[in-house]
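Here the structure comes first, spelled out in C-alpha cells, and everything after it is commentary.
Index from 1, following the sequence.
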Amino acid sequence: MTRQSRPGAKLSKTEADHSIGKYRSIDRWFSRVVDALRREHPDKLAQTLADFAQRPQRVCELWLAGRQSPNGAALASLLRSPIGGIVLEAITAGAEAEWIARDRRARRLLTIHEREAELRREKAQALEDV
C-alpha cells in the first residue's frame with residue numbers, strides 16, 4: 001500500500017544529483033594532502049593543522065579521519081602557512097597544466113639556490129678554521 005502525499009505537496013520530477021545532509025558523501029581530495037603531511041609531520045598532525053588552518057583541533061581530527069574536508073577559507077590558510085608547499089604539491093600531484101610545471105620548477109630552483117648559499121657559508125667557515 002502506498003502512502004498518499006499531502007494535498008498541494010510538490011514532488012520533484014528528478015532525483016537529486018547527490019545526497020545531502022548527514023549522509024553526504026565526502027570528497028576524498030584531502031586524503032592526498034593528509035598522506036603527504038603525515039610523511040613530513042608524523043607527530044601531533046591534528047594540532048599542527050589546527051594551528052595553521054586556524055580551526056579547532058577536533059575539526060582537524062575529522063579531516064584526518066576522512067570524515068570531513070577543509071572549506072575554502074581553511075584551505076587558503078593552509079596554503080599560506082609554512083606547510084603550504086606540501087599542501088599545494090599534494091593537491092596538484094599528477095596535474096599537467098603549464099602553470100603548475102612552472103611553479104614546480106621555480107620552487108625547485110629556489111631550493112637549489114638556498115642549498116647553494118648554505119654550502120658557500122659552510123665553505124667560508126671551513127676556510128676560516130684552517
Side-chain angles (χ1 to χ4, degrees):
M1 177 179 248
T2 60
R3 183 175 166 198
Q4 296 290 327
S5 63
R6 68 178 200 272
K10 291 186 179 181
L11 299 176
S12 175
K13 293 181 182 179
T14 61
E15 293 193 23
D17 292 337
H18 60 283
S19 62
I20 56 175
K22 67 179 184 177
Y23 300 109
R24 179 179 58 214
S25 63
I26 301 299
D27 185 8
R28 303 284 182 217
W29 67 270
F30 196 65
S31 63
R32 290 180 294 196
V33 176
V34 169
D35 292 343
L37 288 172
R38 281 196 173 129
R39 284 191 296 274
E40 297 291 324
H41 300 278
D43 299 326
K44 299 184 180 182
L45 183 54
Q47 184 59 51
T48 301
L49 283 172
D51 293 343
F52 292 142
Q54 301 164 359
R55 296 293 185 272
Q57 184 172 343
R58 177 65 185 135
V59 170
C60 297
E61 289 168 356
L62 293 173
W63 297 349
L64 295 174
R67 299 195 55 191
Q68 291 182 3
S69 305
N71 63 14
L75 179 59
S77 293
L78 290 174
L79 287 169
R80 287 190 296 263
S81 75
I83 62 172
I86 299 168
V87 174
L88 182 62
E89 188 65 35
I91 290 172
T92 59
E96 297 179 11
E98 180 58 32
W99 72 268
I100 294 172
R102 281 194 310 268
D103 179 68
R104 284 189 184 126
R105 282 191 300 271
R107 284 189 284 132
R108 189 171 45 240
L109 281 172
L110 180 60
T111 302
I112 290 169
H113 288 301
E114 289 170 347
R115 277 191 275 159
E116 184 180 43
E118 179 62 30
L119 287 173
R120 279 196 199 115
R121 285 190 292 274
E122 287 181 26
K123 180 180 177 182
Q125 183 64 40
L127 289 173
E128 287 177 8
D129 293 342
V130 171

Side chain to side chain donor-acceptor pair (under 3.5 Å) filter on E114, not counting sequence neighbours, yields none

Looking only at heavy atoms, the pair that brings A36 and A90 closest together is CB-CB, 4.0 Å

On a heavy-atom basis, the closest approach of I91 and R32 is O-NH2, 4.1 Å

Residue set satisfying salt bridge (Lys or Arg N to Asp or Glu O under 4.0 Å) with R39, at least two apart, ordered chain then number -> none

Under 3.5 Å, sequence neighbours excluded: what are the donor-acceptor pairs made by side chains of residues 74-82?
unit_1	atom_1	unit_2	atom_2	d
S77	OG	A73	O	3.2
S81	OG	L78	O	2.6
S81	OG	I83	N	3.3

Nearest heavy-atom approach of E40 to I86 is CG-CD1, 3.5 Å

Margin query: Less than 4.0 angstrom from a charged side-chain N to a carboxylate O is my criterion; do E118 and R121 meet it?
Written below: yes

Residue set satisfying salt bridge (Lys or Arg N to Asp or Glu O under 4.0 Å) with R107, at least two apart, ordered chain then number -> E89, D103

In terms of heavy-atom contacts, T92 and R104 come closest through O-NH2, 2.7 Å

Residues C60 and A46: closest non-hydrogen pair is CB-O, 3.6 Å

Residues passing the salt bridge (Lys or Arg N to Asp or Glu O under 4.0 Å) test with R108, sequence neighbours excluded, are none

Grouping ILVMFWY residues whenever side-chain heavy atoms fall under 4.5 Å, the cluster of L109 otherwise contains none

